[in-house]
Each structure stands twice: as C-alpha cells, then as structure tokens.
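Only heavy atoms go into these numbers, but all of them, side chains included; no hydrogens, no water, no symmetry mates. By convention in this document, chain letters (A, B, ...) are assigned in the order of the sequence lines, proteins followed by strands, and residues within each chain are numbered from 1. Source: prediction; values computed, not measured.
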Number of protein chains: 2
Amino acid sequence: MTPVKVSLRSGAVKVVTDNKQVPNHSRSHRARPTMDDVAAVAGVSRGTVSRALNGGHNVSGPALEAVQRAIRKTGYVVNQHARSLVTQRSDSVAFILSEPQDRLFEDPNFNVLLRGCTRALADHDITLLLTIAGTEEDRKRVGRYVTAGHVDGALLVSDHAGSPLLRELKGRGLPVVTCGRPLGHEREISYVAADDRDGARQMVSYLRSRGHRTIATITGPLDTSGGVDRLAGYHDVLGEGDRRLVVSGDYTQASGEAAMERLLAQAPDIDAVFVCSDLMAAGAIAALRRAGKRVPEDVAVGGFDDSKVALSSTPPLTTIRHPLGRISGEMVRLLLGHIAGEPPAAVILPTELVVRGSA
Amino acid sequence: MTPVKVSLRSGAVKVVTDNKQVPNHSRSHRARPTMDDVAAVAGVSRGTVSRALNGGHNVSGPALEAVQRAIRKTGYVVNQHARSLVTQRSDSVAFILSEPQDRLFEDPNFNVLLRGCTRALADHDITLLLTIAGTEEDRKRVGRYVTAGHVDGALLVSDHAGSPLLRELKGRGLPVVTCGRPLGHEREISYVAADDRDGARQMVSYLRSRGHRTIATITGPLDTSGGVDRLAGYHDVLGEGDRRLVVSGDYTQASGEAAMERLLAQAPDIDAVFVCSDLMAAGAIAALRRAGKRVPEDVAVGGFDDSKVALSSTPPLTTIRHPLGRISGEMVRLLLGHIAGEPPAAVILPTELVVRGSA
DNA sequence: CGACACACTGTGAGCGCTTACAATGACACC
DNA sequence: GGTGTCATTGTAAGCGCTCACAGTGTGTCG
C-alpha cells in the first residue's frame, strides 16, 4: 500500500497508490438506489416517495417519516435526468460569458455580476452554471449544451451584436436575459442594463462644468450597447463647435493604454478624457503618465463602472456607478419570470456620478 | 410597439416591449421535435435515427442522408436528459472551486487552471461546468447537484482538509480528481500536484546560497497540501542552529501584507522571506516598502507560482514555477480514466526555480 | 439451389421519475 | 345505515432516448 514512484513521460513523477478495497470500476454507479428501493424500505409505494420528496403534500405524518428514514438509510439521491425528463425542468440556468476567458478574470464587473446572480438564484434553489464561450467553437459547444435541455434558461453577458449565439438560443425558445441591450433584438429579448447613455451624459457634463474644453472619449467595443450608448451620451452633451475625439478600446486595460496613446498623438492638447470603463481608464492614466501629463492637473480622466480598480488607481477615479448588484438581481427576476411564462421585458437602471481624484 | 417606460420600484425605469408575435408562453418547449418526428420525416425508424446520431455505424448512406436532412428540417436537438437516463452519462464534468468567489478572481492560478481544463475537456467533447462553493451552504447545494447525476465526474480545486464535500463525493462513488494532495485521502482519491516540497527546498536553498541568514516564510493555509508541503520544504533546508520564522496567510495579497508586518514586528533583522504564493509576495513587498526596506537589497523575497503577478510586481519576483498547464492536462486525463473505470492514481509534477529581481 | 454470412432495419423493453386517476378507508352528516 | 367528503394511497402511463434482439433482403459459397 506504499506509494510507488514511477517515472512518467517528460520528467514527471507518478505515484500510483494501489488501494486494496475494490475501486468503483466501471459502472459501480449501478449500485445507486432508486425510488423503488426507498419505497420498499419505507414500506410505501413509489408514488408516495415522490410526493414526500416534492413538498410532502398529501402525505401522512408517519409515511413522511418512514420515507425520510428510508432515504437516509439507503443514501438515496434523486436522479435528475429522470426527473427532468418528465418535468422538462432542470432547475439550473447558464451564465454565458461571450468573452475570452481572460476578460472574466481581468474585469471585476463580471465578478460582481456573477456573485449577484449566484446569490439571487440560490434563493430559488437554482444552480448557476458558468460557461465561458470565448471562441467561436466554444460558442457552438455551449449552444449545443444549452439547447440540449440542460438548463431552463440563460443569462447572457457581454454578447456582441450579430453573434449567432443569441439568435440560436432564441430560435430554440430558450428563455434568455441579456446584460446590456441586445443590439438588434431589443424587442424580443429581455434585458437589464444601466442607463449608459445618461451616465455618459453625466460624466461629460461634469467634465465640461469643470472648465474642460477639449474632451476626448475612449469607447468600448461599438458592437455592444455599452459601447454605442456611452458614445451617444458623449455626443449628446457636446455642442456644435466642440471638437470630438473618439477612439475605441475593448474594455481591457491594455486597450485603454493604447487608445490614450493614439489620442495623444492625434491631439496633444486634450485636457479631459471620458473613458468608458475603469479598467481602460487605469490604462489611460498609465499612458498619460508616461507622456509626462499629470492627472487631473493636465488631463482630467473620467471612468465608468465604479469597480474596485476605481479605488486602487492613483489618483482614485472619478467615475459613473452602475448598480451591478441590482442588475444581477433584476436579471434573475426577469429570467425566472420568463421561464414561468411571462413575456419579455426590459429594465433600465439609473447611474450615478462618483467624484474622486482623477477629474 | 413602442417601448413603454414604466417607473419601477426604487427609482428604476422599466421598459416593457409588448411584442406582437406570440411569445413562447408557458411550455412552448413542447413544440420541441423528438426523435420520432425526425424518424417520421426521414421515413425511417427511431432506431435508425439513433444510430445515425451515434456514430452512424450500420446505417446505409441514403438513410444517413435522409436523417441528416430531417434533422435540419425539424431543427431537432437531442434531449440530453433522456439520453443520460439510459446511458448513465452526461458528458460534462464539474470544476468545483472550494473558495470564496473573490479568490477565483484574484488569483491568476485559477484562471490558468480553468483554461487548461476547459481546453483538455473540449478535445473529448465534454463540457466543463464551473461551480463556486465558497460558503458551507454553497457546498451543500453543489454536492447535491453533482451527486444528482448532472456530471460524470468532478475536478476539485483548492479543497481544505476535513471538508465534507470530498467525503460526500467519494461516498457517492463519483469520480473525483483534486488539484493538490487531498490531505487525509491520498490513498483513495486521484490527484495531481506540483512537487511543492521540493519547490520550497529549491527556493530556500537558493536564498541561503545567496548568503541570507535569517530566512522567514509566509505559508499558505495549513489545511491545504500546498501550505504544509511548502512549509516542510522550508524546514528541510534549514539546519539545526537556524532561526525559523513562520507566519501563515491565505494566499491573498492582503494576507501576505499582514503576514509580513507581523514578521517584521517579530524580527526586524529578517534578510529574506520565502512567500508561498506570488500574490502574497506582492503583498509582502508592499509591506516591506512601507517599512522602509528595499527589495532585494535589505530583504530578499522569493515567491511561488510564477503567475503573471510575478512579472508585474516591482521588482519582478524570483519564484518557483509549477506547470499549471500540465497539471490541468493530467487532471483531465486522470478524471477521464477514472470515469472509464481505472483505479485512482496520483501525478506529481516537478517545479523549477525562476530567478528574477526580488531575490 | 439451399445454406449461410452479412449489412441494414424495425421493434420493444426499459432507464427512474412525475402525475393524473382510481381506489381505499375514515369520518360526519342526515 | 346510506351517502358524500376528504385525505391518503397505489397504479399505470408515459417523458425521449438507447440498445439488444429479431427480422429482412442481398450476395456468396458449396
């Protein structure tokens, strides 16, 4: 029973523990007790066991107790596949992230959103399955998985316009709620979004009110609602004669840095920039610093998100807060309603300016 | 068909889009075509459709074509529950993270591990389900979910000794592979780990070879194999008369910072510290800097992981690299083997010292 | 020409569960 | 005592699929 070290390919060391008790070779799964076993032990019928399991209505006290005892004794666990086959429900929903996996880890927004959704769903005893669909191939696999009946609905995060995934899910009739406006599908698909356009207006107005004249913006991807709506807000505020400087990033820090460099090359006299995510703002500040500009003295920087980077950045970011906690809560509410048969709806939540050191 | 804005509770604005085409109210799911529908359209029997779907052996060319056409025409998607009910397989495995969700996002190791596993499983057309079991309650829910037959196996990451989750999964006979030695279960459970003890030895030996005399260590949680094994390696190298300074953290940056402060209070003359994760090392460096110590001139800092923080920290970290890519690959290999009926096994992979600026 | 192998196909028996539905017995009421 | 109500229970019909089995028709061989 002592571990045997065996050298393995390319320098690995393998320890094989040859345990004595018969390992659960092949289908030892088959030992799994079924409802009939429980019924037999409890001395009742399968139907009664089922009823006891599902709320215990119309089950007498003694029967209920007997069933519970039998369940403990046999170690019974319901077979979800069998149950789902008849109920057409799986009591789980997918959280689909249509982004390269790195972004999930880089962007704190996802963390907050994910946590919120998990929590809200747990209240309904529904499990959340996180699936990352970064590549085209992933999206296919996820699409197949999700439409195969594994989940009752899907929370779609950060989908880009024209992505076939949304169309496919919708085509299958799977309840879907997106985070952010589903460009081109606003009518048929439920969504929850912050009032991005208004948030952008608030920030740009604020920058103007502080006396800045040449206000640039670094947008998010223009195939997402966050990208286009915040840009629209920027244009809303700027007047006829104002100079408009627009560069796009993809919400990552690196892209913010690169965008800021391009902006600086284009117009060295910029005195404020509205950056459409905190992460990109952090990148922009790094680029400004490298160019010898002080923030906010030479260039004011406004962010968007009020994520934790806003606080850890130096100076801390003046930014727009969107209520991610409520967004996740509303997404879940909408999805569950949708699953229950309600028609699609949309919820727009207000944003708020948070003034800190960067502008 | 114009969106109607309706004010919602607590300041939200709700847009209700009343779309005309009948929304898939209640169980429009029921429109879902079954195998019999496909069979009818293709003019063959259910059995032939099934065979065509599962490899196409013993199906004639024309029949295969007819089935494929019928599938396209009907939009048929297999019902996984029905299939799983008979095959006892779900073609998906769970990636269970027994940590508060924050750590998933803070620690880049998980990112790398997750990506590796996803990729390795995708090659076998198996979906990976990420479940986060941060709280006790989460663990219960996840345990229930996983043992209900939703997945064929589980990859357990960062489980702590004595956690009931592992015991439960094992008790159900679910194939499990852990990342890191499952303390107290080494004999029965498959695992993949880096040679933590040897890695620690390499680092501490290196620090000694550079002339450092008072070498402290900041360990990981001592109920994880990474925690105890790296500490053991530290002790292995230190001799009789050496001073041993041990403080524990929980792998987070904040804990590294706090641990360093305690260490400094305890022994201001420390000239080197072996920190058991890069993230904690970054925290330690921050604490050292705050205390007016230069790294590496006054205090040398050695990390562990060779994660991306090792590069972004200043100075870049001298650290121990463990092959996360291979670890995830081996985990998947072991798990699939286990599912196929092989007995448990363990794989230990070598580590490597990477010298950079911090020591 | 019968026997046999072979490729292909249809049939039916479940997988483990939920859920009408019918059956049962206890009880109260007239 | 007859009858209706009610709670509780057992029974059986599937949910949509796979897979062993039993055909069916063809070609090949002695």
Novice: Kindly assign one of parallel, tilted or perpendicular to the pair His150(A) and His81(B), based on the angle between their ring planes and the thresholds 30° and 60°.
Specialist: perpendicular
Novice: Between Ser60(B) and dT9(C), is there a contact of a side-chain N or O with OP1 or OP2 at under 4.0 Å?
Specialist: yes
Novice: Write down the distance between CD1 (Ile71(A)) and P (dC17(C)), rounded to a whole number of angstrom.
Specialist: 10 Å
Novice: Side chain of Thr48(A), backbone of Val44(A): donor and acceptor closer than 3.5 Å?
Specialist: no
Novice: Can you measure Asp37(B) atom CG to dC15(D) atom P for me and round it to whole angstrom units?
Specialist: 11 Å
Novice: Measure the distance from NE2 on His57(B) to P on dT9(C) and round it to the nearest whole Å.
Specialist: 14 Å
Novice: Measure from CZ on Arg32(A) to C1' on dG16(C) and round the result to the nearest Å.
Specialist: 9 Å
Novice: So do the side chains of Phe95(A) and Thr131(A) get within less than 4.5 Å of each other, counting heavy atoms only?
Specialist: no
Novice: Please report, rounded to the nearest Å, how far the C1' atom of dC8(C) is from the CD atom of Glu65(B).
Specialist: 16 Å
Novice: Return a single string for nucleotides 18-27 of chain D, one symbol per nucleotide in 5' to 3' order, where B is base contact, S is sugar-phosphate-only contact and - is none, cutoff 4.0 angstrom on heavy atoms.
Specialist: BBB-------
Novice: Round to a whole Å and report the spacing from CG of Asn79(A) to C1' of dG16(C).
Specialist: 6 Å
Novice: Which atom pairs, donor and acceptor, lie under 3.5 Å between side-chain atoms of residues 111-126 of chain A and protein residues at least two apart or in another chain?
Specialist:
| unit_1 | atom_1 | unit_2 | atom_2 | d |
| --- | --- | --- | --- | --- |
| Asn111(A) | OD1 | Gln101(B) | NE2 | 3.0 |
| Arg115(A) | NH1 | Asp102(B) | OD1 | 3.2 |
| Arg115(A) | NH2 | Asp102(B) | OD1 | 3.3 |
| Thr118(A) | OG1 | Leu114(A) | O | 2.7 |

Novice: Going by side-chain contact (heavy atoms from CB on, under 4.5 Å), Met331(B) matches just one of Val192(B), Val347(B), Leu336(B), Thr178(B). Which one?
Specialist: Val192(B)
Novice: Does a side-chain N or O from Thr48(A) land closer than 4.0 Å to OP1 or OP2 of dG10(D), or not?
Specialist: yes
Novice: Considering the terminal five base pairs at each end of the helix from dC1(C)-dG30(D) to dC30(C)-dG1(D), what angle separates the two local helix axes, rounded to 10°?
Specialist: 60°
Novice: For the pair Lys140(B) and Glu137(B), evaluate salt bridge (charged side-chain N to carboxylate O under 4.0 Å, His left out) and give the outcome as yes or no after the intermediate values.
Specialist: CA-CA 5 Å; Lys140(B) 280 215 194 74; Glu137(B) 194 203 338; over 6 Å; no
Novice: Over how many whole Å does the gap from Asp91(A) atom CG to dT18(C) atom C1' extend?
Specialist: 13 Å
Novice: With a 4.5 Å cut-off on side-chain heavy atoms, are Ile327(A) and Cys179(A) touching?
Specialist: yes
Novice: Contact between Val77(B) and Arg144(A) at the side-chain level, heavy atoms closer than 4.5 Å - yes or no?
Specialist: no
Novice: Ser45(A) side chain N/O closer than 4.0 Å to the phosphate oxygens (OP1, OP2) of dG10(D)?
Specialist: yes
Novice: So what does Asn58(A) hit on the nucleic acid, given a heavy-atom distance under 4.0 Å: a base, only sugar-phosphate, or nothing?
Specialist: base
Novice: For the residue pair Thr74(A) and Asp37(A), confirm or rule out a side-chain donor-acceptor distance under 3.5 Å.
Specialist: no
Novice: In whole Å, I'd like the distance from the NE2 atom of His81(A) to the C1' atom of dG14(C).
Specialist: 17 Å
